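A quick write-up on the structure given underneath.
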Amino acid sequence: MFAQSKKMEAVPFSPIRKIFAEVDKLKAEGVDIITLGIGEPDFDTPAHITEAMAAATRNGATHYTANKGIVQLREAVCRKLKVEDGLEYDPEEIICTVGVSEGVYVSLSSFLDPGDEVLVPDPSWVSYFHVPTMNGAVPKGYPLREENAFQIDVDDLEKLVSPRTKMMVVLDPSNPVGAVQEKETLARIAEFAVKHNLLVISDEIYEKIIYDGKKHYSIAAFPGMRERTIVLNGFAKAYAMTGWRIGYIAAPAELISVMNRMHMYIVTHTSAQAQWGALAALEGPQEPVAGMVEEFRKRRDYVCRRIGGMKKVSCRIPGGAFYVFVNIKETGMGAEEFTKYLIREAHVAVVPGTAFGSHGEGYVRLSYAVSMENLEKSMDRIEKAVASL
């Protein structure tokens with residue numbers, strides 16, 4: 001038996017995937033489980049995107065591309081960032097990645113040394129805690145509090161920052177809480193980052209899935225931030241392209257040169273066909289995105305209304321993404337216990353808030369990126385299960 005590396009000893013298998021391994025087991029046994037856990041749109045990729053990919057393949061797009069990706073896609077990303085976010089980048093400052101997941105790994109691993117500290121939202125997407133650990137660095141969770149509308153509080157950041165703090169992560173909109181950071185909040189964070197000379201990762205994968213007239217602002221556009229910000233974004237959520245595994249990094253040239261070396265040795269480049277599909281996503285009609293977002297809004301409103309009518313559970317109405325972070329504290333159960341209870345009694349799978357950090361205790365994450373039919377069934381089941389507590 002070969003021993004695992006020391007760096008992997010503190011890295012657990014994803015608790016989210018553990019839950020759904022149990023769900024798969026129950027489904028195989030014939031149990032009717034409704035899954036509200038995985039953050040994946042239930043829509044198919046818009047047809048013009050898949051057609052563009054197929055056409056590119058037929059026309060010979062089956063060979064290696066540049067490490068950073070095809071120049072046509074990188075140019076399109078630059079145009080998008082300028083028009084939508086007010087950010088100026090050169091195509092050489094863009095890397096096309098294997099989803100945002102690779103972007104997370106590359107951006108953290110390229111700049112963290114053993115003993116460095118990185119400020120991470122808590123709760124937050126799991127990779128932001130575990131990738132630093134793989135690199136011998138220390139993730140320090142800053143709390144996102146429901147009573148503060150899950151806005152980032154700079155006072156919390158000031159309590160955690162130290163001479164060893166090198167990086168900070170911002171997820172906006174947030175997975176798992178669905179919060180959209182206000183412009184004033186981001187301005188204060190930018191001042192904090194400049195003051196402490198921090199490198200900032202801005203994960204903006206849900207930027208197009210925003211409701212109620214809210215607006216997304218990239219922190220890279222604030223004074224003093226372009227030179228210290230790594231923007232991560234992609235196509236999985238807004239364009240229903242999760243299986244395509246295509247995203248991008250935008251950052252200043254001196255940062256990109258480091259990350260591109262790591263990217264090159266990990267994957268060489270992302271799929272040529274996916275890149276042509278992504279180009280069509282950016283430059284083609286955007287009506288499919290608007291249609292999907294409107295459907296998500298209807299589902300959000302329905303789920304929040306139903307939860308609001310239940311006893312012992314509650315939620316804030318999220319401003320973005322497609323998750324509801326449900327407060328279960330009045331049930332007297334912990335997050336994992338409540339999750340197991342719903343699977344057993346309601347045959348509904350959600351994710352315990354503790355999968356996303358210690359401040360997720362007392363919550364579960366529910367994804368409404370499923371059909372309205374399944375949402376109606378699951379809300380009926382959850383309401384019945386909660387009522388019996």
Side-chain angles (χ1 to χ4, degrees), residues 12-45 50 99 101 123 125-127 175-176 178 236-237 240-245 292 295-296 298-315 318 321-356 360-389:
F13 189 76
S14 169
I16 300 173
R17 294 296 168 180
K18 285 173 67 176
I19 291 166
F20 292 104
E22 177 64 20
V23 168
D24 289 342
K25 178 182 176 183
L26 290 171
K27 284 184 176 180
E29 295 172 358
V31 180
D32 176 25
I33 300 283
I34 298 175
T35 300
L36 304 180
I38 295 178
E40 178 177 38
D42 60 320
F43 304 105
D44 291 331
T45 303
T50 57
S101 294
W125 176 240
V126 293
S127 294
N175 175 12
K237 310 300 183 177
M241 294 172 67
T242 51
W244 293 61
R245 309 313 303 138
M292 287 186 279
E295 181 60 28
F296 287 142
K298 292 176 183 177
R299 296 174 184 181
R300 178 204 65 167
D301 292 349
Y302 172 77
V303 168
C304 291
R305 183 171 66 252
R306 290 294 305 272
I307 292 173
M310 298 180 194
K311 297 180 180 179
K312 298 184 179 182
V313 295
S314 62
C315 68
F322 37 63
Y323 308 108
V324 175
F325 211 50
V326 183
N327 187 322
I328 60 159
K329 294 176 183 178
E330 288 189 20
T331 68
M333 292 183 176
E336 292 193 17
E337 181 185 6
F338 185 80
T339 297
K340 292 176 182 177
Y341 174 77
L342 285 189
I343 292 175
R344 183 177 69 252
E345 299 297 327
H347 295 167
V348 176
V350 297
V351 180
T354 46
F356 306 100
E361 183 57 271
Y363 297 86
V364 295
R365 191 194 75 174
L366 179 159
S367 169
Y368 50 87
V370 299
S371 70
M372 184 63 80
E373 178 184 4
N374 277 336
L375 287 176
E376 290 171 350
K377 289 180 181 178
S378 61
M379 290 301 104
D380 289 343
R381 295 180 183 184
I382 292 173
E383 184 172 33
K384 182 178 179 181
V386 171
S388 67
L389 290 173

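Fair warning: this is a prediction, and the values are worked out from it, not measured in the lab.
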Side-chain heavy atoms of L375 within contact of V303, under 4.5 Å
yes
Nearest heavy-atom contact between V370 and T35 is CG1-O, 3.7 Å
When rounded to the nearest 0.5 angstrom, what is the spacing between NE2 in H347 and CG in L342?
11.0 Å
So with a 6.0 Å cut-off around CG of D301, is the heavy-atom count from everything else above 12?
yes
Which atom pair, heavy atoms only, marks the closest approach of F296 to P41?
CZ-CB, 4.0 Å
Nearest heavy-atom pair of G178 and A321: which atoms, and what distance?
CA-CB, 4.4 Å
Less than 3.5 Å apart, any donor N or O on the side chain of T354 or E361 sitting next to an acceptor on the other?
no
For S378 and Y368, which I'm curious about, is there any donor-acceptor pair between the side chains at under 3.5 Å?
no
Using a 4.5 Å cut-off on heavy atoms from C-beta on, say whether the side chain of M379 contacts that of L36.
yes
Got a donor-acceptor contact below 3.5 angstrom from the T45 side chain to the T50 backbone?
no
Report, as yes or no, whether the 6.0 Å neighbourhood of atom NZ on K340 holds more than 12 heavy atoms from other residues, nucleotides or ligands.
no
What distance separates I307 CD1 from L366 CG, expressed to the nearest 0.5 Å?
5.5 Å
Which atom of A349 lies closest to which atom of V23, heavy atoms considered:
CB-CG2, 3.5 Å
So how far is it from S371 OG to E376 CD, rounded to the nearest 0.5 Å?
8.5 Å
As a quick check of understanding, evaluate side-chain contact (heavy atoms from CB on, under 4.5 Å) for V364 and F338, giving each step before the final call.
CA-CA 8 Å; V364 295; F338 185 80; 3.8 Å; yes
Cation-pi check, R365 onto F325 ring (under 6.0 Å, within 45° of axis):
no
Between D380 and R306 (salt bridge meaning N to carboxylate O under 4.0 Å), is one present in this structure?
yes
Straight-line distance of E40 CD to K237 NZ, nearest 0.5 Å
7.5 Å
Do I343 and L26 have side chains that approach each other closer than 4.5 Å (heavy atoms only, starting at C-beta)?
yes
Please find the pair of heavy atoms, one from C315 and one from V324, that lie closest to each other, and give the distance.
CB-CG1, 3.5 Å
Donor-acceptor contact below 3.5 Å, side chain Y323 vs main chain P318:
no
side-chain contact (heavy atoms from CB on, under 4.5 Å) between S101 and R245, worked out:
CA-CA 9 Å; S101 294; R245 309 313 303 138; 3.6 Å; yes
N/O donor-acceptor pair under 3.5 Å between K312 side chain and L389 backbone
yes
How long is the straight-line distance from CD1 of I382 back to NZ of K384, given to the nearest 0.5 Å?
13.5 Å
Closest heavy-atom contact between A385 and Y341?
O-OH, 2.8 Å
Distance from S388 atom OG to E383 atom CD, nearest 0.5 Å?
11.5 Å
Check against salt bridge (charged side-chain N to carboxylate O under 4.0 Å, His left out), D32 and R381
CA-CA 12 Å; D32 176 25; R381 295 180 183 184; 2.6 Å; yes
Decide, yes or no, whether a salt bridge links R299 with D42 under the criterion of side-chain N to carboxylate O below 4.0 Å.
yes
